[in-house]
Peer 1: 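Dumping the structure here so I can ask a few things about it.
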Amino acid sequence: MTIQWFPGHMHATRKAMAERVRDVDAVVELLDARLPGSSENPLLAELTRGKPALKLLNKQDLADPALTRVWLDHLQARPATRALAMDASERAPARRLEAACRALLPNRGGLVKPLRVLICGIPNVGKSTLINSMLGQRAARTGDEPGITKTEQRIMLAEDFALIDTPGLLWPRIEVDESGLLLAASGAVGRNAYDEEEVARALLGRVRPRYADRLATRYRFAPAPAAPDDEVLTEIGRRRGALGPGGRISLQKAAEVVLNDFRSGAWGPLTLDEAAARALARSGRRLASSGDEPEVDE
């Protein structure tokens with residue numbers, strides 16, 4: 001299943017960002033900690049090339065902590081790049097973000113050379129929620145639909161530190177089908193761009209090999225490892241009362257249950273990017289089994 005979504009306002013965002021990036025000193029890109037590779041925007045990398053970067057793995061409370069540590073190490077190893085993990089419960093996110101940006105640019109700061117930082121990311125990655133928590137007030141609109149933020153906002157975190165918030169941006173063509181499915185599952189893609197049943201089945205197929213126990217706990221049944229994903233989706237619908245006309249199980253409603261549970265973190269912390277396994281291999285570590293801490297290969 002190929003998923004593409006690049007609505008008109010994103011064309012305007014891309015053009016405005018290309019202009020704005022000339023005037024900023026650094027870039028903060030929010031990534032979804034559950035799918036760091038799929039949520040890293042190659043278009044943003046192109047637009048912000050040459051700028052020091054802070055990669056912020058947001059929603060860390062919803063991600064597998066062992067794999068989050070691996071991803072932080074992997075991103076931190078890049079030139080002119082720092083990496084942090086955060087979530088909505090962070091008490092002082094502004095302080096940590098500001099400190100990380102100042103460490104990237106130690107020669108900027110003060111009223112003579114104020115620090116100007118662009119904050120960006122894919123839609124629905126939690127950027128507006130993070131900004132509101134940094135300011136301690138509702139400065140940015142939030143919601144569970146992509147495309148809530150449509151205009152640029154300038155936020156002063158300090159007298160010499162301006163944070164420039166931009167609308168969520170995808171890229172014109174998602175080349176990797178798996179990334180498109182994961183982005184849709186996370187809520188980064190508009191609902192009219194994908195079939196929820198197909199995405200829910202694909203999501204179950206990605207979750208079951210490593211996190212089958214989470215699904216068993218949530219839905220109180222343990223399907224056989226070889227059971228087709230559509231059968232698992234049907235059983236989830238039966239157990240959650242996802243019924244349509246005539247009392248028949250509605251796969252559409254069952255898919256909504258699956259996607260909402262994933263997005264809300266009801267399955268517990270997990271990381272789905274296949275790239276996570278590759279990063280793990282590069283680090284010389286492996287996961288012995290689902291939920292285990294990373295171990296060093298002998």
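When a residue number appears, it is its place in the shown sequence, counting from 1.
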Peer 1: In terms of heavy-atom contacts, does CZ of Arg95 have more than 12 from other residues, nucleotides or ligands at under 6.0 Å?
Peer 2: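 Count not over threshold, so no.
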
Peer 1: Report yes or no: is the cationic atom of Arg206 (NZ for Lys, CZ for Arg) closer than 6.0 Å to the six-membered ring centre of Phe262, at no more than 45° off its axis?
Peer 2: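 Negative - Arg206 is either too far from the ring of Phe262 or too far off its axis.
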
Peer 1: Do the side chains of Arg238 and Glu235 get close enough for a salt bridge, i.e. N-O under 4.0 angstrom?
Peer 2: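 Looking at Arg238 and Glu235, the cut-off is met.
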
Peer 1: What do the steps show when you test Arg14 against Met17 for side-chain contact (heavy atoms from CB on, under 4.5 Å), and what is the final call?
Peer 2: CA-CA 5 Å; Arg14 175 172 63 176; Met17 192 177 293; 5.9 Å; no

Peer 1: Using a strict cut-off of less than 4.0 Å between a Lys/Arg side-chain nitrogen and an Asp/Glu carboxylate oxygen, indicate whether Arg78 and Glu29 qualify as a salt bridge.
Peer 2: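 The answer is no: the pair does not qualify as a salt bridge.
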
Peer 1: Looking only at non-hydrogen atoms, find the nearest pair between Glu196 and Ala255 and report the distance.
Peer 2: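 Reported closest heavy-atom pair: O-CB, 3.6 Å.
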
Peer 1: Does this structure show an ion pair linking Arg102 with Asp160, if we count only N-O contacts that are shorter than 4.0 Å?
Peer 2: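 So Arg102 pairs with Asp160 through a salt bridge.
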
Peer 1: Where does the angle between the aromatic ring planes of Tyr219 and Phe221 fall among parallel (under 30°), tilted (30 to 60°) and perpendicular (over 60°)?
Peer 2: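 Tyr219 and Phe221: tilted rings.
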
Peer 1: May I have the step-by-step check of side-chain contact (heavy atoms from CB on, under 4.5 Å) for Leu31 and Leu75, ending in yes or no?
Peer 2: CA-CA 11 Å; Leu31 308 178; Leu75 294 168; 4.0 Å; yes

Peer 1: Considering only heavy atoms from C-beta outward, does the side chain of Leu97 approach that of Leu157 to under 4.5 Å?
Peer 2: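 A side-chain contact under 4.5 Å exists here.
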
Peer 1: Does Leu56 share a hydrophobic cluster with Leu62, counting links as ILVMFWY side-chain heavy atoms below 4.5 Å and allowing steps through other members?
Peer 2: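 Shared cluster, no.
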
Peer 1: Are any of the side-chain nitrogens in Arg49 or Glu46 under 4.0 Å away from the carboxylate oxygens of its partner?
Peer 2: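 No salt bridge links Arg49 with Glu46.
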
